[in-house]
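Structure first, then comments.
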Amino acid sequence: MAELIDGKAISAQIKEEVKEKVAALKAEGKEVTLAVIQVGCDPASTVYVGNKKKACAYTGIRSLAYELPEETTEAELLSIIEELNDRKDVNGILVQLPLPKHIDENKVIRSISPLKDVDGFHPQNVGALCIGEKGFVSCTPAGIIELLKRSHVEITGKKCVVVGRSNIVGKPMALLLLRENGTVTIAHSKTVDLREITKQADILIAAVGKPKMIDASYVKEGAVVIDVGIHRMENGKLCGDVDFESVEKICSAITPVPGGVGPMTIAMLMYNCVHSLSLQQ
Ligand code: NDP
């Protein structure tokens with residue numbers, strides 16, 4: 001039986017650490033503030049934004065909510081971001097994606113000051129990660145590194161395979177594993193003989209966006225398997241990109257869905273908000 005990597009417990013630990021840090025900063029007269037902008041009322045985005053606000057309230061981070069109507073223009077959104085970039089009392093700015101179709105997401109991401117880009121999506125932060133400089137790291141991959149470290153999974157020298165190359169998960173994930181001295185392979189939809197590659201992995205990260213695609217036939221015995229995927233099945237239950245039932249029988253450790261990678265994303269967002277203070281100084 002594989003060990004379960006408990007994202008719920010580890011994320012709670014991180015939120016607790018953030019809460020202590022925020023309280024210590026408050027004692028020095030410094031407040032941490034996150035501005036969260038949502039355009040339109042996509043139900044999934046409303047849930048995510050609500051969870052982020054709750055985590056802010058729990059950790060003591062002040063949150064400023066901007067709930068803008070669907071018909072907000074790109075220019076109006078950019079002007080709000082510009083104002084928030086200039087405000088000394090705002091440390092982090094988060095624009096909930098996806099944005100309505102009439103707004104250019106890349107333009108919006110680039111308009112956020114790299115020093116307040118707590119999502120880590122700004123090209124300057126992506127570049128900093130690439131060359132090993134200080135900056136914000138995208139929350140989901142940063143959370144996965146914390147999951148591995150806090151579960152005492154050694155990364156140095158290990159063969160790591162990341163299935164998926166998106167800008168928010170796959171690519172930063174691969175860069176972070178490289179930073180931790182893993183030997184990293186990135187696979188994607190054009191990869192030939194995917195199984196041949198994934199079966200070499202000591203650490204396998206599935207960020208493929210396909211429910212239960214990675215079954216036991218893709219996994220080496222004893223591997224550590226991290227499931228980034230999150231999908232709602234017809235029966236209403238959640239599942240990941242990994243076929244948990246078959247894979248847990250052969251791997252050494254695995255993240256469940258729910259309760260694995262998911263809770264880490266918000267915990268790392270809270271961490272990034274506190275981190276913003278040191279970057280801004
Ligand atoms: P994307 O759809 O942006 O990327 C999926 C990646 O998987 C692409 O690079 C694609 O390759 C690759 N891929 C698709 N099909 C195959 C295949 N058959 N074989 C090999 N590679 C394939 O997804 P994201 O990176 O945004 O997210 C990945 C998963 O993680 C999703 O399930 C998403 O819901 C989840 N997620 C969970 C988060 C959390 O907090 N838990 C946060 C963010 C995402 P190509 O580039 O060639 O198209």
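Note that ligands are numbered from 1 as they come in the structure, with each ligand's atoms numbered from 1 the same way.
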Heavy-atom contacts under 4.0 Å between T191 and ligand 1: side chain, backbone, both, or neither? neither

For A207, state whether at least one heavy atom is located under 4.0 Å from any atom of ligand 1. yes

Begin with the C-alpha distance, continue with both residues' side-chain angles, and end with the deciding distance and a verdict on side-chain contact (heavy atoms from CB on, under 4.5 Å) for E180 and L148. CA-CA 11 Å; E180 298 296 331; L148 292 170; over 6 Å; no

Using heavy-atom distances, let me know which of M268, R165, M264, H188 sits nearest atom 21 (N) of ligand 1. H188

Where ligand 1 meets V169 - atom numbers and elements under 4.0 angstrom, heavy-atom basis: 25 (O), 43 (C), 44 (C)

Does H231 reach ligand 1, in the sense of a heavy atom lying below 4.0 Å from it? yes

Can you sort out which atoms of ligand 1 are near M213, meaning under 4.0 Å from one of its heavy atoms? 17 (C), 18 (N), 19 (N)

Ligand 1 atoms nearer than 4.0 angstrom to some heavy atom of K210 are 14 (C), 15 (N)

Protein contact for atom 30 (O) of ligand 1 (heavy atom, distance under 4.0 Å): yes

For the pair Q280 (side chain) and L115 (backbone), establish whether a donor and an acceptor sit closer than 3.5 Å, ignoring hydrogens and angles. yes

Indicate, with yes or no, if V137 and V95 share a hydrophobic cluster defined by side-chain heavy-atom contacts under 4.5 Å among Ile, Leu, Val, Met, Phe, Trp and Tyr. yes

Atom indices of ligand 1 within 4.0 angstrom of T140 heavy atoms, with elements: 40 (O), 42 (C)

Identity and distance of the protein heavy atom lying nearest atom 1 (P) of ligand 1: S166 CB, 4.2 Å

Against ligand 1, does G262 come closer than 4.0 Å with any heavy atom? yes

Near D241, which atoms of ligand 1 are under 4.0 Å from a heavy atom of that residue? 29 (C), 32 (O)

Contact atoms of ligand 1, heavy-atom distance to T265 under 4.0 Å: 39 (C), 40 (O)

What do you reckon, is CZ of R62 surrounded by more than 12 foreign heavy atoms closer than 6.0 Å? yes

Considering both backbone and side-chain atoms of K190, is one of its nitrogen or oxygen atoms within less than 3.5 Å of a nitrogen or oxygen in ligand 1? no

Answer yes or no: is there an ion pair linking K8 with D6, defined by an N-O contact shorter than 4.0 Å? no

Can you name the one residue among T198, I197, I226 that meets side chain to side chain contact (heavy atoms under 4.5 Å, CB included) with L204? T198

